[in-house]
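A quick write-up on the structure given underneath.
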Amino acid sequence: MSKEKNNFSVTPRSQDFNEWYNDVVIKADLADDSPVRGAMVVKPYGWALWENVQKVLDAEFKATNHEALAFPMFIPMSFLAKEAQHVEGFAPELAVVTHAGGHLLEEPLVVRPTSETIIGHMWSKWVRSYRDLPLLHYQWGSVVRWELRPRKFLRTTEFYWHEGHTAHASSEEAVEETLKLLEIYKNFARNYAAMPVISGVKTPSERFAGAVDTYSIEAMMGDGKALQAGTSHYLGQNFAKAFEVNFQAKDQSQQFAHTTSWAISTRIIGGIIMTHGDDKGLVLPPMLAPFQVVIVPIFKSDNQDLMLAEARKLALELRALGVRVKVDERDGVSNGFKYNDWEMRGVPFRLELGPRDLEAGNVVLVSRLSGEKAIVARGEAVAGMTAQLEGFQAELLARATTFRDERIKTADTWDEFTRLLEQGFFVRAFHCGDADSEKQIKELTKASTRCIPLTGEVYGDLEEGVCIHTGKPSAYGKRVIFARAY
RNA sequence: CGGGGUGUAGCGCAGCCUGGUAGCGCACUUGACUGGGGGUCAAGUGGUCGUCAGUUCAAAUCUGGCCACCCCGACCA
């Protein structure tokens, strides 16, 4: 805890990024610690933000013909063991129910860490013919992974997400699905969260347990560290074979299905905080902010009713244009307190409406980014708000993109490579593809391979060279992105 | 699991060395004043001092065990 910290401010970002992050989560009122270690309570403001994430993504899934459903949170222990890689990957972090109803259970139940297994089991009952495919399923819910070091939103014991699971008749179709979701995630990150992500494929050692290929969107946080903000997996026939998801093809042969799974979790909220926040607290992208505009009515006891009524009227005018507005009607809290409070919570715009403004037909408009006050004609402020919000959203993305691009460097020598990583950069370098080498690099530099950017995407240019670590010819036909990560 | 640290009011801390029945700031409650950048004054509420045992006439304070939490590392959406 820093000494300068008082009840109002957060630890400066430049002084201690982790402390800053924790302060913002608490003071912006997003979440609180629960009595269970590593399991946080998402408070109303944080949940409202998550609900907006849900609304956008849910609409995307439905627009691409996916169907929502719900699987149970308990999975028979033996299911996990059916896919060898999967159980190896998840065994250390499982929460297991051994007793229920006052008795020792015949077979322990794991609290789902992810649902491939139980979904595979059910699919095997539902799929008989190629005509039953594809199955395009997803569910909103929570999962439990007993992480050793929890951090609010970024890594909690229980976290909320959606998990998509699809089954297809051919590998081509399943790969197409995997990439389609990656694209949806990338666009969501860019267009809603204002996070410029790099989409790519993981190296074999960074794959999801049981996957043939894992794709991810990788974002850069304000301290230069990477955050895997979403993943999409092509699972091949691994789970289909383990759970006997097979069908009779048109040519009458028996085939195993090709499956995929994909997810974005509440971690994305941590990403939004660490991408846009500053020393005054949170900065929220308008597309996801619970409140895009807060109105602070300026009043004294003798004109309180009038000013509150006027503020509500102003709010209605904005709501009619589809703007999410909050009127801060609190009494007994000074105006200055309200300004700082809403700045901490990252509301993009504030409108102050006082007696002077009312008389002159004006409002005071303040942007969370510039902090400057502008006196604007009331009608103009209302009519122009949609454009203001669009401008704010665009500025956040532009700012984050500039920051990212300045902090991605190319290295061709080991010295340069380690020096850049030490300074907190993303580093593009060639790698030979050897898993042991990757592991050693991680031990030496604390950096891991984040992804091999897709061809046609940013940083995905085709190039050949020699491995930064072993000097052997590079694998993958392009540079790999290395970074320290959350 | 390894290293470091902390447990005293809702939060942040002092008191412990040198035992004598608990205090400060913020928050909270009430009232008055105030009101365009984190208000002022006054009066209040709130704690079996993490836990168990020991020493003592007497333990927040001394001794020992245990527990919990936080930070750093390994693991990870």
Side-chain angles (χ1 to χ4, degrees), chain A residues 1-9 16 18-19 22-23 26-27 32-38 88-94 113-114 142-163 185 202 206-209 211 214-219 226-233 261-271 280-281 296-304 307 330-344 350-360 362-364 366 371-373 375 439 442-443 446 448 484-486:
Chain A
M1 292 284 147
S2 76
K3 286 105 204 144
E4 308 82 52
K5 199 195 301 178
N6 56 34
N7 284 296
F8 300 122
S9 61
D16 184 336
N18 290 335
E19 196 71 19
N22 283 328
D23 287 352
I26 296 294
K27 295 194 174 173
D32 200 358
D33 285 307
S34 82
V36 180
R37 188 191 116 81
E88 194 187 320
F90 282 104
E93 53 195 60
L94 294 177
T114 179
S142 69
V143 288
V144 168
R145 299 180 189 177
W146 218 260
E147 300 292 353
L148 299 174
R149 252 189 84 197
R151 294 164 60 79
K152 280 184 275 292
F153 289 110
L154 298 175
R155 201 183 307 105
T156 47
T157 301
E158 179 183 14
F159 59 90
Y160 301 88
W161 72 351
H162 65 260
E163 49 179 321
Y185 287 167
K202 290 285 188 180
E206 295 285 327
R207 269 181 205 140
F208 173 75
T214 287
Y215 298 84
S216 73
I217 51 170
E218 299 287 329
L227 185 80
Q228 181 173 312
T231 49
S232 184
H233 314 290
S261 68
W262 27 272
I264 279 184
S265 74
T266 32
R267 167 180 267 197
I268 194 83
I269 291 176
K280 287 196 288 185
V296 178
I298 312 296
F299 56 81
K300 298 195 216 177
S301 42
D302 62 355
N303 63 1
Q304 182 166 352
M307 295 315 300
R330 287 178 290 181
D331 195 3
V333 179
S334 72
N335 297 312
F337 184 92
K338 291 178 181 178
Y339 302 159
N340 285 284
D341 193 27
W342 292 110
E343 281 163 7
M344 181 65 72
R350 179 175 79 244
L351 291 176
E352 300 168 23
L353 180 64
R356 292 203 300 265
D357 307 307
L358 187 62
E359 197 168 331
N362 292 330
V363 291
V364 176
V366 189
E372 282 161 26
K373 297 196 179 198
I375 295 171
K439 198 175 164 195
K442 202 167 181 177
E443 280 162 12
K446 295 179 192 161
S448 52
R484 292 179 179 171
Y486 278 99

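Computed over heavy atoms, backbone and side chain alike; hydrogens, waters and symmetry mates excluded. Proteins come first, then strands; the chains are lettered A, B, ... in the order of their sequence lines, and each starts at number 1.
- Only the P atoms considered, U21(B) is 34 Å distant from A68(B), to the nearest whole Å.
- In this structure, the nucleotide among A77(B), G36(B), G38(B) sitting nearest to the side chain of Ser334(A) is G38(B).
- Within the 3.5 Å criterion, the main-chain N or O of Glu19(A) finds no donor-acceptor partner in the side chain of Asn22(A).
- Looking at heavy-atom distances under 4.0 Å, Asp331(A) makes contact with a base.
- Contact of Lys446(A) with G73(B) (side chain to base): no donor-acceptor pair of N or O atoms is detected under 3.5 Å.
- Across all strands shown, Gln228(A) has heavy atoms under 4.0 Å from sugar-phosphate atoms exclusively, and none from any base.
- Between Asn335(A) and the phosphate of G39(B), there is no side-chain N or O to OP1/OP2 separation shorter than 4.0 Å.
- A donor-acceptor pair is defined here as one N or O able to donate and one able to accept, closer than 3.5 Å; no such pair exists between the side chain of Ser232(A) and the backbone of Trp262(A).
- With Ser216(A) contributing its side chain and Glu218(A) its backbone, the two residues share no donor-acceptor pair below 3.5 Å.
- Among the nucleotides G37(B), A77(B), C72(B), the one closest to any side-chain atom of Val366(A) is G37(B).
- When the side-chain nitrogen and oxygen atoms of Ser265(A) are compared with OP1 and OP2 of A77(B), none of them lie within a distance under 4.0 Å.
- Ser448(A) comes within contact range of no nucleotide atom at all, as no heavy-atom separation falls under 4.0 Å.
- Glu343(A) contributes a side-chain N or O that forms a donor-acceptor pair with the base of G37(B) under 3.5 Å.
- The same atom, P, is picked in C1(B) and in C16(B); the two are 35 Å apart, to the nearest Å.
- Among the atoms of the strands shown, base atoms are found under 4.0 Å from some heavy atom of Leu154(A).
- Remark: ring of Phe159(A) stacked against base of A77(B); centroid gap under 5.5 Å, plane tilt under 30°.
- Donor-acceptor pairing under 3.5 Å, judged by distance alone, is absent between the side chain of Arg145(A) and the base of C76(B).
- Residue contacts for Phe208(A): at a heavy-atom cut-off of 4.0 Å it reaches no nucleic acid atom on any strand shown.
- Here C24(B) sits opposite G12(B) as a Watson-Crick or G-U wobble pair (both hydrogen-bonding atom distances under 3.5 Å).
- With both pairing distances under 3.5 Å, G73(B) is matched to C1(B) as a Watson-Crick or G-U wobble pair.
- Within 4.0 Å of Lys373(A), counting heavy atoms only, lies at least one base atom of the nucleic acid.
- Stacking of Arg350(A) on the aromatic ring of Tyr339(A) is recorded, both the 6.0 Å distance cut-off and the 45° axial limit being met.
- When distances run from any side-chain atom of Lys300(A) to the nucleotides A77(B), G36(B), G35(B), the shortest one goes to G35(B).
- Under the 4.0 Å criterion applied to side-chain N and carboxylate O atoms, Glu206(A) and Lys442(A) are assigned as salt-bridge partners.
- Of the candidate nucleotides G35(B), G36(B), C76(B), G36(B) has the atom nearest to the side chain of Glu352(A).
- Using a 4.0 Å heavy-atom criterion, one finds that Glu206(A) contacts no nucleic acid atom at all.
- Within the 4.0 angstrom heavy-atom criterion, base atoms lie near Asp357(A).
- Rounding to the nearest 0.5 Å gives a distance of 8.5 Å between CG of Leu227(A) and OH of Tyr486(A).
- Which of G36(B), G35(B), C76(B) sits closest to the side chain of Phe299(A) comes down to G35(B).
- Within the 4.0 angstrom heavy-atom criterion, no nucleotide atom of any strand lies near Val333(A).
- Base engagement by Ser301(A) is indicated by at least one non-hydrogen atom pair under 4.0 Å involving a base atom.
- The residue Asn340(A) sits close to a base: some heavy atom pair falls under 4.0 Å.
- Using C1' as the reference atom, U61(B) and G50(B) are 16 Å apart when rounded to the nearest Å.
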